[in-house]
Structures are given as structure tokens and as C-alpha cells.
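Below is one structure, written out as C-alpha cells, with a few remarks after it.
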Amino acid sequence: MWTALVYHEDMMGHELLWDDPECKIEGPQRLSAALDRLRQCGLEQRCLQLSAREASEAELGLVHSPEYIALIHGTQVLGKEELQELSGQYDAVYFHPSTFHCARLAAGAALQLVDAVLTGAVHNGLALVRPPGHHSQRAAANGFCVFNNVAIAAEHAKQKHGLCRILIVDWDIHHGQGIQYIFEDDPSVLYFSWHRYEHGRFWPFLRESNADAVGQGRGRGFTVNLPWNQVGMGNADYMAAFLHLLLPLAFEPSGTRRARCRPHQSASPTSHSCSRCWLAAESVQCWSALESIQSVRAVQAPHWLSLQQQDVDPALSPSTHFLEGRLLPVLPGDPACKAEASAVLSSLLGQLYLHPTPAVCNGPDATLVLPRDVIYQEESAPREEAETWARLRASLAQDEALTALMKLLYLLDGILDGQVSSGIVATPASTAVAILNVAIQRGLSHGAQRLFCVALGQLDRPPDLTDDGRTFWLSIRGKEAAAFSAFHVSTPLPGTSGGFLSCIVGLVLPLAYGFQPDLVLVALGPAHGLQGPHAALLAAVLRVPARGRVLVLVEESEPQLAGMLAPVLRGEAPPSLGPFLMASPEDVQALRSLRGQLEPQWKMLQVAVPLSSGNVESTTAGMCTPQK
């Protein structure tokens with residue numbers, strides 16, 4: 001099994017013993033409801049189930065003071081009144097005689113998950129824990145949090161497993177100030193948090209939750225806060241944050257600034273991601289979200305070369321005012337928080353692919369070393385069907401071409417019918433254009449409403465392809481950078497790994513998410529010039545906007561490339577891109593030019609706050625409303 005699920009029913013023993021509306025929300029039902037939902041969806045049994053262990057006091061001491069650990073240890077023998085009095089010394093916290101045991105289990109679950117992933121027992125996992133952790137500090141409980149589970153896990157990964165670069169993505173309605181305080185001067189941990197801020201009017205009401213808090217000393221630039229200043233952020237706003245902020249920082253490798261490079265480990269204290277979880281991007285990001293993203297990019301640009309190479313407006317600085325007067329705070333226990341969290345969880349679980357299908361390699365060489373659960377198939381569509389498609393294409397009349405076409409049709413139908421998730425087809429170089437044309441037409445006629453085609457090498461756009469919004473043609477070849485229409489784009493193949501990453505994050509992914517394809521075709525034609533790891537990364541990142549449905553066409557002469565692509569189509573991480581070289585000025589200029597041309601049609605490319613009077617922020621009762 002690739003995914004671990006770690007929990008322990010004892011963690012439900014931590015509960016509130018007195019009436020406190022602020023703390024009422026953090027109860028045992030938070031764990032039981034999540035677990036019940038996983039079981040209803042059939043997800044629990046698909047995971048490697050691990051029973052959480054208690055973290056040792058030495059492990060807790062990786063981030064917490066001995067005095068604080070001793071204090072929490074002592075709560076096991078306190079009575080109700082003593083527990084209530086101690087709880088009152090902290091902000092939004094309660095203690096129970098079982099709290100120390102439960103909090104040790106929560107931290108231990110995170111440690112088990114780190115060990116399981118880093119020893120190769122699983123690829124990823126989810127730890128269902130309580131009490132939570134990201135607000136707790138070295139010597140203080142805060143916001144329901146007792147021990148800082150993710151911070152402990154990060155330190156454990158560094159000290160036990162020797163990691164030197166860890167990314168923590170904190171996806172929560174509240175800012176995880178505890179993690180920020182612990183690592184704010186540590187360049188080995190990049191802490192990224194997006195959270196509701198509302199110019200300081202939302203709990204925990206901290207000035208250091210704003211965008212211009214970037215870390216201290218050697219850790220400057222390794223704290224990244226994205227404050228949402230209005231409520232109502234939608235999928236398009238989060239996708240913009242992913243594409244224009246989080247991914248550029250996560251991909252920036254070593255050698256560009258101190259110890260910066262792709263993270264050894266990524267941890268999330270409040271949620272997990274899944275390659276089969278698809279968020280449909282809304283058409284337009286809201287004005288306030290763009291303002292926040294642009295503010296973070298501006299303040300972080302001095303610390304990140306990946307942002308320096310992009311269009312960052314330094315004139316827009318993050319909001320520095322802290323609103324005074326009597327506010328209407330929304331605390332962790334507020335019903336609004338509970339309702340929002342429940343809605344988000346239901347949305348995410350509702351969109352999970354509950355019955356994954358295997359990837360297929362339908363290639364020329366049965367001796368390929370393929371990963372587990374990747375199927376090599378020799379099946380083909382009926383010859384008569386292939387001959388029908390080949391009648392108007394003379395290059396497909398030969399037996400070799402017909403054989404490849406039959407395999408393509410069989411595999412394409414399997415993907416669109418849901419029998420397999422993705423696949424690879426090997427084609428003769430001389431017929432690559434014709435077979436790709438058939439793949440497009442067959443995909444559209446077999447149920448694909450929107451088809452996103454990425455063509456590399458000497459592959460011309462089919463002349464009968466129309467700009468009706470059903471197909472998007474992206475050509476990556478030569479030196480040409482042009483937007484012939486909203487659905488026909490050509491860009492040069494960048495000559496460096498840095499340029500390729502910028503192209504992926506700054507152009508390919510925003511277009512793919514904006515287009516929302518039912519199927520992605522990646523065609524590696526003659527003279528495509530793409531190295532294996534780069535091709536694997538391209539196929540891997542396109543799986544999510546296509547909900548896993550990716551079909552890759554490669555030449556028969558490249559069985560090694562097919563073997564490298566098969567694992568990533570199954571969900572494995574792509575291999576390293578090798579030595580990192582920054583994008584050339586020519587590649588940077590080409591990317592900027594294309595983004596400028598396409599931004600009016602594809603709002604997912606938009607980063608800067610629009611200045612025209614026609615794009616003005618509109619709010620109703622504090623909600624963030626997309627631009628018109």
C-alpha cells in the first residue's frame with residue numbers, strides 16, 4: 001500500500017469537562033467524524049493502517065522546554081477545578097486528565113508517519129490527530145494545541161533522518177504562529193501558511209501573521225505568510241496561490257540561495273493532498289486574493305530568484321496597518337469556523353477518486369521495467385476500426401502504423417471509459433502527426449468535452465482543428481513564442497532546467513487549470529529535445545488538472561523514456577531534474593510575452609492586481625466576489 005493512515009482511538013479521550021463555548025468545537029467528534037467519513041468512502045481499508053504510539057518526552061523536547069513538558073505531564077493528576085484554572089492561563093485551551101497521553105499520541109502519530117515515508121514503507125500518508133498542534137509554542141499551549149506535532153516531526157526528520165530541507169504547508173483557517181516562532185530563524189525549514197487574516201481582525205490577531213513577516217536572521221525568506229483579508233476565497237484563489245507563489249518556491253533548487261532546493265519532505269498540519277483530488281478552478285480570482293498574492297511576491301522577491309525572474313511589482317507592499325477599536329473577533333470556537341471546516345472537508349472528500357484504476361504501458365517492448373500495478377498490454381482495437389480512421393491518412397496505411405493505431409484506439413477508449421487511469425503508446429516516428437490527429441478526433445468523439453494537447457518536437461497542429469473551445473493546442477518547440485488564438489499557443493523549449501520549471505509553473509499549469517480538460521494528450525514527437533526527467537515532470541503535473549487521465553505518445557525508438565514515464569503516471573514522484581541552471585533572459589522574456597498576451601483570456605495567468613476601472617473589488621457583507 002502506498003498511503004498510510006495513522007490514528008489511535010485513545011485520542012478521543014481528551015475532552016472538555018466544563019462549559020466553554022470558545023473551546024466546545026474541539027471535541028472527540030472532530031476525530032470520529034473524519035474517521036467515519038473515510039470509512040464511508042472506502043478509503044480506510046485502502047491504506048496501511050498504523051496505530052499511533054506515544055512520543056517520548058525526549059522527542060517532545062525537540063521543540064518544547066522541559067518545564068513545559070513537566071507542566072503538561074502534571075495535568076494527569078489534577079482535578080476539574082485545577083484543570084480549569086490552568087486552562088484559563090492560556091488562550092483557547094483546555095486540559096483533561098488524559099490530555100498528556102492524547103497529546104503524546106498525536107505527536108507520535110506524526111513521527112510514525114515521517115518514519116514510514118522516509119524509510120520507504122509508504123509514499124505518503126495522513127495522520128488523524130488531536131489535540132492539534134500548530135498554535136502551540138516552545139513553552140505555551142495555544143488555540144486547542146498542546147504539543148506542536150508538525151514541528152516535532154520536522155525536527156525528528158532532520159535529526160534522525162538527516163534531512164536539511166523541509167517544506168511545511170499549513171492549510172488552516174488560522175495562522176500557525178507556533179510553527180512560525182519555532183522555525184523563524186531556521187533556513188532548513190520553509191514554512192508556508194495561508195490563513196484568514198482580515199487585516200489583523202481575525203484570531204489570533206497577530207501582527208506577525210501578515211505578509212511582511214518573513215523570518216529572522218538566517219531564516220529570512222523561509223517564513224511565507226499569505227494572509228486572506230476577505231472571506232469567501234474560492235478554488236481559483238487557492239490555485240493562483242499554488243501556481244504563482246507556493247510552487248515556484250517549492251521548486252526552487254539548491255545553489256540559488258543558501259540551502260534552497262526542492263524539499264526532502266513536505267508536511268501539512270491540518271490537511272493532506274491527493275493526486276486524485278481535483279478542484280475545479282473558478283473562472284476568475286477575486287481582487288483581494290490577487291492583492292494578497294502580489295503583496296507576498298513583492299516582499300519575498302529579494303529572497304527568491306524564482307520570483308525575481310517573474311513580473312513582481314515592488315511598489316505594492318503588504319498592508320501594515322493593524323485595525324484598532326472594538327472588533328468582532330471570530331475565535332477558534334466560533335460556529336462559523338466549524339461550518340467552514342465542515343464544508344471544505346465534505347468538498348474535498350466528495351471529489352476524491354475512490355476507486356483508482358491502473359496506469360497502462362501499451363508500448364513496443366514487453367521487457368520494460370515497470371512499477372507495480374502498471375500493466376503492459378498487447379490488446380488492440382479491431383483492425384477494421386483502425387482502417388476506418390486511416391482511410392484519409394495515407395501515412396497510416398502501412399501495417400506498422402495500423403498496429404500502433406489499433407493500440408492507441410484501444411488504450412484511449414479504456415481511459416475515457418474509466419477502465420484505466422492513464423497510459424503510454426509507442427508510435428512510429430514517421431506517423432506521429434497522423435496518429436496524434438486521430439487521438440484528438442477519437443477523444444472528442446468518444447466523450448471528452450475538453451482536450452488539452454501538449455505537443456513537443458516536430459508536430460504541427462492539425463489543420464482541421466478549430467478554436468471552438470473543445471481543444472487547446474500548446475506547442476513547445478523551436479524559437480517561436482506566439483499566441484495565435486486563445487486555444488493555440490506556441491512557446492520555445494527552454495534550454496535550462498530553471499527555464500523549464502518556469503514554463504511549467506508559469507504557463508503550462510495555469511493554462512491547464514484554466515481550461516479544465518477531460519483528457520490530456522502529451523505527444524513527444526521527432527526531435528522533441530526533452531530529457532527523460534523533464535518529460536516525467538510534465539506528465540506528472542498534468543495528471544491533476546486532467547483528473548488522472550493522461551495519454552502520452554512516444555516514439556518506438558525510446559523505450560527507456562516510456563519506462564521513465566510509466567511510474568509517474570501511476571502516481572510516483574518524478575526523478576530529479578539534475579543540475580539546476582537558471583532560465584536564460586530569452587526564455588524569461590518569451591514567457592513574459594506569452595503571459596501578457598494570454599492573460600486577458602486566461603485569468604489563471606493573472607498575478608498582479610488589475611488597475612483598470614473595470615476590475616474593481618466588489619464585496620457584499622465581507623465576502624470576496626470575483627471580478628466581472
Side-chain angles (χ1 to χ4, degrees), residues 235-236 239-240 243-244 278-285 412 415-416 432-494 502-525 528 530 538-539 541-547 549-553 590-607 626-627:
N235 292 338
M239 285 308 311
L243 297 173
H244 304 306
W278 179 72
L279 298 177
E282 297 165 358
S283 58
V284 184
Q285 308 93 296
L412 184 57
I415 293 173
L416 294 174
V433 174
I435 289 180
L436 175 58
N437 193 4
V438 171
I440 294 172
Q441 299 302 325
R442 176 62 173 175
L444 294 174
S445 66
H446 197 68
Q449 297 300 312
R450 292 178 302 278
L451 193 152
F452 192 82
C453 183
V454 182
L456 296 106
Q458 297 173 4
L459 294 172
D460 294 326
R461 182 174 183 258
D464 55 347
L465 210 58
T466 61
D467 287 335
D468 59 0
R470 296 192 66 194
T471 59
F472 193 109
W473 178 275
L474 174 60
S475 176
I476 304 179
R477 59 178 290 188
K479 298 181 178 181
E480 186 177 36
F484 301 103
S485 73
F487 302 99
H488 180 194
V489 178
S490 177
T491 184
L493 176 63
S502 295
C503 180
I504 293 294
V505 174
L507 183 68
V508 178
L509 282 180
L511 292 175
Y513 277 108
F515 187 64
Q516 299 180 35
D518 299 301
L519 174 68
V520 167
L521 289 177
V522 178
L524 301 171
H528 60 76
L530 205 60
L538 177 63
V541 298
L542 286 172
R543 292 181 67 244
V544 182
R547 291 169 285 176
R549 293 194 288 191
V550 176
L551 177 59
V552 182
L553 279 63
L591 181 58
R592 287 179 176 175
S593 174
L594 278 177
R595 287 172 59 90
Q597 295 176 59
L598 293 165
E599 185 179 295
Q601 292 82 27
W602 299 103
K603 295 301 182 182
M604 289 308 297
L605 290 167
Q606 185 173 326
V607 178
Q627 308 155 41

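The nearest pair of heavy atoms linking Ala539 to Val552 is CB-CG2, 4.4 Å. The minimum heavy-atom distance between Pro492 and Ile476, with the atom names listed, is O-CG2, 3.9 Å. Across all their heavy atoms, Ala448 and Leu416 have their closest contact at CB-CD2, 4.2 Å. Taking all atoms of both residues into account, the shortest heavy-atom contact from Met604 to Leu243 is CE-CD1, 4.0 Å. Contact detail for Val454 and Leu542: the closest heavy-atom pair is CG2-CD1, 4.0 Å.
How far CG of Leu436 is from CD of Gln441: 10.0 Å, rounded to the nearest 0.5 Å. Summarising the geometry, atom NE2 belonging to His528 is positioned 12.0 Å from atom CG belonging to Leu553; distances are rounded to the nearest 0.5 Å. Interatomic distance, Arg477 CZ to Leu530 CG, rounded to the nearest 0.5 Å: 14.5 Å. Leu444 contributes atom CG, which lies 7.5 Å from atom CG of Leu465 (distance to the nearest 0.5 angstrom). With rounding to the nearest 0.5 Å, the separation of OH in Tyr513 from CE in Met239 is 4.0 Å. In this structure, the separation between CD1 on Ile440 and CG on Leu519 is 10.0 Å, given to the nearest 0.5 Å.
Residue pairs meeting the side-chain hydrogen bond (donor to acceptor under 3.5 Å, both in side chains) criterion with at least one partner in residues 482-491, sequence neighbours excluded, are Asp467-Ser485. The list of salt bridge (charged side-chain N to carboxylate O under 4.0 Å, His left out) pairs with a residue in residues 432-443, not counting sequence neighbours, reads Glu385-Arg442, Asp413-Arg442.
Between Thr466 and Phe487 there is no side-chain heavy-atom pair separated by less than 4.5 Å. Two residues are said to be in side-chain contact when any heavy atoms from C-beta on lie closer than 4.5 Å; His244 and Pro510 meet this criterion. For the pair Leu511/Gln601, no side-chain contact is recorded, criterion being any heavy-atom separation below 4.5 Å from C-beta on. Looking at heavy atoms from C-beta onward, Val508 lies in side-chain contact with Cys503 at the 4.5 angstrom threshold. Within the 4.5 Å cutoff, no side-chain heavy atoms of Leu412 are placed close to those of Val438.
Shown here are the ring-ring contact (aromatic ring centres under 6.0 Å, His included) partners of Phe472, two or more places apart in sequence or in another chain: Phe452, Phe515, Trp602. Applying the side-chain contact (heavy atoms from CB on, under 4.5 Å) rule to Leu591 yields the partners Ser502, Leu507, Arg595; only residues at least two apart in sequence or on another chain are considered. Evaluation of the side-chain contact (heavy atoms from CB on, under 4.5 Å) rule for Gln449 yields Asp518 as partners, not counting sequence neighbours. Here Ser445 pairs with nothing under the side-chain hydrogen bond (donor to acceptor under 3.5 Å, both in side chains) rule; sequence neighbours left out.
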Under the criterion side-chain contact (heavy atoms from CB on, under 4.5 Å), I'd like the reasoning laid out for Asp464 against Asn437: C-alpha separation, chi angles, the key distance, then a yes or no. CA-CA 9 Å; Asp464 55 347; Asn437 193 4; 4.0 Å; yes
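Side-chain atoms of Gln285 come within 3.5 Å of backbone atoms of Lys603 as a donor-acceptor pair (strictly under, hydrogens ignored).
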